[in-house]
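First the structure, in the form of structure tokens, and then the observations on it.
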Amino acid sequence: MKMWNLQQLQFAVWSALCCVTSAEDLIRVVGFDGGGAAIACPYAVGYKSYEKYLCRNGCGDNDVLITSTRAGRGRYSIHDDKNKLVFTASISNLSMRDAGTYWCGVTRTGRDIYTEVKLHVEPDTCCEQVTKVEAFEEESVTISCPYKPEEMNNLKYFCRGNQPSTCLQQALIISDDQQKAQYSLHDEKILKRFKVTISSLTLNGSGSYLCGVHRNTGLDSFSGVVLEVKGWCCVNSYTVSGVVGHSATVRCPYQRQHRENRMFFCKGETRNNCTDQKDLRFTLEDDAASSSFLVTIRQLNPSDAGTYWCGSEPRWSVGNYTKTQLSVVFSQRPGMAPVTTQTTYSFGKPFQETSVSTPLVFVMPVAVLLILTFTLAIVYKYKCAKVQEAEVSMDGFKKPTEDETNVSDDYENQEVVTSSKLKVPKHPRTRRHVDTDEDGEGNIYLNVTSEEHYVNQVYMNDR
């Protein structure tokens with residue numbers, strides 16, 4: 001027979017005298033639907049080698065869920081930490097039906113020792129009220145997380161999503177770290193809040209987040225945040241074209257509440273690399289009636305072309321800045337206005353561009369133009385020649401000139417005309433007459449008109 005030592009004997013006597021028929025303590029455990037729950041059950045020093053178990057209801061043989069002497073069983077597992085005198089029974093994949101009363105049991109001779117457990121199962125979502133935060137990509141945002149005074153020295157953490165069950169395990173940063181990658185956490189205990197700053201935001205950063213404060217008992221406390229990261233696609237934007245040596249005007253609208261703010265106008269391919277324009281050729285004029293200011297650039301040169309940004313302070317806030325693409329050309333055809341694309345401004349909404357004028361310029365090669373000109377000249381000469389031939393065939397001779405007409409008129413008025421400049425028609429009109437004499441022979445007489453005879457007289461007088 002094995003000899004008992006003094007400590008074992010004292011424990012046996014104590015156990016016999018202590019008949020536990022009800023729970024010694026009450027353990028409260030909270031789990032989340034779909035998550036897990038760990039039930040920590042302490043025991044006395046003399047029960048290290050005793051069997052431990054977790055049961056429900058009346059704890060009969062069919063109510064025992066898991067024991068320390070048998071392997072894990074389905075959703076249940078158990079671990080006995082004999083150094084801490086605590087065994088932990090775990091339940092995975094919780095559902096709302098798992099909520100209720102459990103018992104931590106220690107097997108012994110006679111009546112077992114029981115500790116009552118109350119398990120609460122909560123929906124794994126948070127929260128009914130959330131804080132909405134807006135920010136822009138590539139920038140930073142700071143999120144404020146309030147907590148209760150009694151939680152001042154508790155562990156704080158920040159995670160993505162809205163599932164409290166996994167928030168601490170998947171925390172992006174905890175108060176012990178303060179800085180981790182693009183996240184930083186600063187605990188302002190006097191103000192009873194901690195702040196989380198996220199830098200270098202991307203569009204993928206939009207979504208739900210949880211601020212968590214760890215509690216030693218019961219559920220951790222949470223506050224929900226919905227972050228919306230906006231892209232720079234939705235700025236007011238339009239294009240302007242100008243001519244070298246001329247002026248160009250850029251319109252920069254702003255919100256009415258920003259009227260007293262400082263207006264800025266800078267140049268750069270991106271807003272993060274934008275240089276203020278201090279050239280005297282740039283002038284700014286406020287147009288309060290249209291809630292905008294005008295920037296006029298005088299004496300344009302090719303180096304003025306590029307991307308400009310303008311708006312009101314603070315810089316790069318939603319709805320109070322404009323992106324302008326300026327192009328500069330060397331010359332334009334007379335009467336052709338520069339191509340300008342105006343924008344339908346709608347603060348906070350994607351811009352829509354409306355084309356005002358889009359002149360089309362057709363460029364024709366010089367060789368083709370010369371060929372067409374030559375062809376037209378030939379056709380024109382051919383038409384003129386045809387017209388002249390038609391006139392000659394109708395009259396038989398050229399139409400008298402103005403001088404010839406004057407000569408005929410003078411003759412009718414019985415005036416003597418002696419002019420060396422008188423032109424004689426090439427084809428004088430004659431009348432042929434044939435007379436037959438008595439011998440039957442025909443004689444041909446050529447009768448010249450009186451006009452022809454007069455002309456001959458004039459010619460002799462000139463001589």
Original post:
Can you name the closest pair of heavy atoms from V244 and V328 and give their distance?
Top reply: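 Closest pair (atom of V244, atom of V328, distance): CG2-CG1, 3.5 Å.
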What is the ring orientation for [X] with [Y], classed by angle as parallel under 30°, tilted 30 to 60°, or perpendicular over 60°?
X: Y183; Y: F158; value: tilted
X: F265; Y: Y308; value: parallel
X: Y147; Y: F194; value: parallel

**OP:** State whether the SG distance for the cysteine pair C274/C266 is less than 2.5 Å.
**Re:** yes
Subject >> CG (N216) with more than 12 external heavy atoms under 6.0 Å >> reply: no
Quick one: are [X] and [Y] in side-chain contact, heavy atoms under 4.5 Å?
X: Q170; Y: R160; answer: no
X: V295; Y: T283; answer: no
X: L172; Y: K180; answer: no
X: I198; Y: I143; answer: yes
X: E137; Y: T202; answer: no
X: F282; Y: D304; answer: yes
X: L201; Y: L227; answer: yes
X: I174; Y: K156; answer: no

Checking side-chain polar atoms at under 3.5 Å, does [X] have a donor or acceptor matched by the opposite partner on [Y]?
X: Q178; Y: S184; result: no
X: T142; Y: T197; result: yes
X: S175; Y: D187; result: no
X: S292; Y: R251; result: yes

**OP:** Tell me whether the guanidinium CZ or amine NZ of K52 lies under 6.0 angstrom from the six-membered ring centre of Y47 and within 45° of its axis.
**Re:** no
